[in-house]
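A quick write-up on the structure given underneath.
Nothing here was measured: the structure is a model prediction, and the numbers come from that model. Heavy-atom basis, side chains included; hydrogens, waters and symmetry copies ignored.
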Amino acid sequence: MKRILILLLFLGSSSMAAAQIREVKKMSYELGAGYSFAPNKNEFYKAKGELGGYFECRYNFANVPIDLGGHLGITGVRRKSDSASDYLDYRSFSVMAVGDYVFMRGRKVSPYVGFGLGVAFSNYDTGIFNYGTSTAFTCMPRVGIRFLKHLSLSMDYQLIQKNYSHANVRFGIYL
């Protein structure tokens with residue numbers, strides 16, 4: 001009786017694992033835009049979001065619902081302190097390795113959770129790669145949903161450094 005029960009449990013778990021495996025392309029590419037939100041923190045009392053863009057290239061594993069890839073993104077927020085008369089633009093260009101666990105991959109609606117690690121090049125008011133650029137480690141937890149087999153909507157929080165960390169809402173097209 002124990003052997004039959006163990007065999008049934010094994011077959012049941014195997015069929016559940018096989019249900020996650022669907023035919024997907026080995027490589028996928030995503031191009032999109034997003035809006036950044038920054039918390040009102042530190043010495044700044046006002047923050048405004050800005051539009052940004054991103055590109056991702058991912059390898060989709062065939063037998064597990066995981067994809068790994070690279071992320072290039074530019075984001076920014078505008079901040080104003082009590083003593084300043086104008087907003088300053090705080091922009092970041094990030095280069096990250098990303099990984100996602102995709103639930104129900106290959107279906108019309110596929111939610112996912114992911115994480116990215118990399119480096120961010122940040123500067124304020126003069127452009128990203130001008131004098132004063134700082135380089136910092138960055139990490140990015142994210143959740144999202146891929147739908148209609150070519151569209152993606154996601155939310156993430158990019159932890160960079162004191163004045164550059166921000167949340168993003170992104171919309172992309174992937175192929």
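Interatomic distance, Tyr157 OH to Ser36 OG, rounded to the nearest 0.5 Å: 11.0 Å. Annotation: the span from Leu117 atom CG to Thr138 atom OG1 amounts to 8.5 Å, rounded to 0.5 Å. With rounding to the nearest 0.5 angstrom, the NE2 atom of His71 is 5.5 Å from the CD atom of Glu56. Rounded to the nearest 0.5 angstrom, Ile74 CD1 and Tyr54 OH are separated by 15.0 Å. Distance check, rounded to the nearest 0.5 Å: NZ of Lys48 to CG of Asp89 gives 10.5 Å. Here Arg142 contributes atom CZ and Met155 contributes atom CE; the two are 13.5 Å apart, rounded to the nearest 0.5 Å.
Leu151 and Leu175 fall into different hydrophobic clusters, where Ile, Leu, Val, Met, Phe, Trp and Tyr are joined by side-chain heavy atoms under 4.5 Å apart, directly or via other members.
A search for ring-ring contact (aromatic ring centres under 6.0 Å, His included) contacts involving Phe171 returns nothing, not counting sequence neighbours. By the side chain to side chain contact (heavy atoms under 4.5 Å, CB included) test, Ala136 is found to be paired with Ile160, Gln161, residues two or more places apart in sequence or in another chain being considered. Applying the salt bridge (charged side-chain N to carboxylate O under 4.0 Å, His left out) rule to Glu50 yields the partners Arg78, Arg91; only residues at least two apart in sequence or on another chain are considered. For Ser152, the side-chain hydrogen bond (donor to acceptor under 3.5 Å, both in side chains) partners are Glu30, Tyr112, not counting sequence neighbours. Residues passing the side-chain hydrogen bond (donor to acceptor under 3.5 Å, both in side chains) test with Arg146, sequence neighbours excluded: Asp67, Asp100. With sequence neighbours excluded, no residue satisfies ring-ring contact (aromatic ring centres under 6.0 Å, His included) with Tyr174. Take Ser92 and apply the side-chain hydrogen bond (donor to acceptor under 3.5 Å, both in side chains) test, not counting sequence neighbours, and it matches Ser122. By the ring-ring contact (aromatic ring centres under 6.0 Å, His included) test, Tyr59 pairs with Phe61, sequence neighbours left out. Phe55 meets the ring-ring contact (aromatic ring centres under 6.0 Å, His included) test with no other residue; sequence neighbours excluded. In this view, Val95 and Leu72, Phe93, Val119, Phe121 satisfy the side chain to side chain contact (heavy atoms under 4.5 Å, CB included) rule, not counting sequence neighbours.
Side-chain atoms of Ile173 and Leu31, non-hydrogen and from C-beta on, never get closer than 4.5 Å to each other.
Think of Val98 as one node in a network of Ile, Leu, Val, Met, Phe, Trp and Tyr side chains linked at under 4.5 Å; its network also takes in Met96, Met140.
Looking at every heavy atom in both residues, Cys57 comes nearest to Tyr29 through SG-CE2, 3.3 Å. For the pair Ile66 and Arg105, the tightest heavy-atom approach, listed with the atom from each and the gap, is O-NH1, 3.4 Å.
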**Request:** Give the C-alpha distance, both sets of side-chain angles, the deciding distance and a yes or no for side-chain contact (heavy atoms from CB on, under 4.5 Å) between Asn168 and His166.
**Result:** CA-CA 7 Å; Asn168 296 301; His166 56 277; 3.2 Å; yes
**Request:** List the steps and the verdict of side-chain contact (heavy atoms from CB on, under 4.5 Å) for Thr75 and Tyr164.
**Result:** CA-CA 9 Å; Thr75 54; Tyr164 296 97; over 6 Å; no
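Each salt bridge (Lys or Arg N to Asp or Glu O under 4.0 Å) pair with one or both residues in residues 163-175, not counting sequence neighbours, appears once here: Asp156-Arg170.
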